[in-house]
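Scroll down for the structure; my scribbles are underneath it.
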Amino acid sequence: MSTVHDCKLLNYQVDFERSRLEINVLDEEEKNVKIIFEDLFTFHFEDQLPNSILLDIVEEDVHLFASKNKELLHRSKDYSWPMNYENIKELVRYIKQNNYTYYQVQASYGLNGWVLAKRLLIK
């Protein structure tokens, strides 16, 4: 998604009632850009730092979600995060059946992570 390359993170907000995550960034021309994930299932960001610079947002295979986040899922399973499930196969099946997409958020500085949502809009 070249429109987010080298954008400076201004803030992000999660609206659990509307199942929406919005990231506000400033592009290279100093214009405000909204990155909106709709029908949000869950997300996880690391290294949330001021002046984070986004490199890209990449769609990846749901099976990679399970393998890349094995430790996080194991650690959080007893707390019903991201949902109550018996095993990883059940979680992946739920994600696929409900048409969620695994978006990898890549940054050169801060805010690396991922989002599971049905749609991504850039305005």
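Heads up: numbering here begins at 1 and tracks the sequence.
Applying the 6.0 Å contact sphere to NZ of Lys118 captures more than 12 heavy atoms from other residues, nucleotides or ligands. By the 6.0 Å contact criterion, NZ on Lys68 is enclosed, its count of non-hydrogen atoms from other residues, nucleotides or ligands being greater than 12.
Under the 4.5 Å side-chain heavy-atom criterion for grouping Ile, Leu, Val, Met, Phe, Trp and Tyr, Phe43 is connected to Ile23 within one hydrophobic cluster. In terms of hydrophobic clustering, with Ile, Leu, Val, Met, Phe, Trp and Tyr side chains grouped at heavy-atom distances under 4.5 Å, Ile88 and Val62 are assigned to a common cluster. Under a hydrophobic-cluster definition in which Ile, Leu, Val, Met, Phe, Trp and Tyr are linked whenever side-chain heavy atoms come within less than 4.5 Å, directly or via other members, Ile122 and Leu21 are assigned to the same cluster. In this structure, Leu40 is a member of the same hydrophobic cluster as Leu111, with clusters built from ILVMFWY side-chain heavy atoms closer than 4.5 Å. Under the 4.5 Å side-chain contact rule for hydrophobic residues, Met83 and Tyr103 do not share a cluster.
Using a 4.5 Å heavy-atom threshold, the side chains of Ile53 and Asp6 count as touching. Annotation: side chain of Lys96 is in contact with side chain of His63 (closest heavy-atom distance under 4.5 Å). Side-chain contact between Ile35 and Val105 is absent, with no heavy-atom pair separated by less than 4.5 Å. Residues Leu73 and Trp81 have side chains in contact (heavy-atom distance under 4.5 Å, counting atoms from C-beta outward). Using a 4.5 Å cut-off on side-chain heavy atoms (C-beta onward), Ile36 and Glu22 make contact. Within the 4.5 Å cutoff, no side-chain heavy atoms of Asp56 are placed close to those of His5. Proximity of Leu26 to Asn32: side-chain heavy atoms (C-beta onward) are separated by under 4.5 Å at one or more points. Side-chain contact between Pro82 and Leu91 is present, with at least one heavy-atom pair separated by less than 4.5 Å.
Note that the CG atom of Asp39 and the CZ atom of Arg18 stand 11.0 Å from one another [nearest 0.5 Å]. Atoms CG and NZ, from Leu121 and Lys34 in turn, are 12.0 Å apart once rounded to the nearest 0.5 Å. For the atom pair CD (Glu60) and OG1 (Thr101), the distance works out to 12.0 Å, reported to the nearest 0.5 Å. Expressed to the nearest 0.5 Å, how far CD1 of Ile95 lies from OG1 of Thr42 amounts to 9.0 Å.
Residue pairs that meet the ring pair (Phe, Tyr, Trp, His ring centres under 6.0 Å) test with at least one member in residues 7-36, sequence neighbours left out, are Tyr12-Phe45.
Applying the ring-ring contact (aromatic ring centres under 6.0 Å, His included) criterion to Tyr94, with sequence neighbours excluded, gives Phe41.
A donor-acceptor pair is defined here as one N or O able to donate and one able to accept, closer than 3.5 Å; such a pair exists between the side chain of Asn87 and the backbone of Lys89. Judged by distance alone, with hydrogens and angles left aside, the side-chain atoms of Asp27 form no donor-acceptor pair with the main-chain N or O of Cys7 at under 3.5 Å. Between the side chain of Asn69 and the backbone N or O of Phe65 there is at least one donor-acceptor pair closer than 3.5 Å.
Nearest heavy atoms, Ser52 versus Asp47: OG-O, 4.4 Å. Among all heavy-atom pairs drawn from Gly113 and Gln104, the shortest one is O-NE2, 3.3 Å.
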Worked check of side-chain contact (heavy atoms from CB on, under 4.5 Å) between Arg20 and Phe37
CA-CA 6 Å; Arg20 178 180 167 123; Phe37 295 93; over 6 Å; no
Quiz item: Given Leu72 and Trp114, is the side-chain contact (heavy atoms from CB on, under 4.5 Å) satisfied, shown in steps?
Solution: CA-CA 12 Å; Leu72 174 64; Trp114 52 263; 4.0 Å; yes
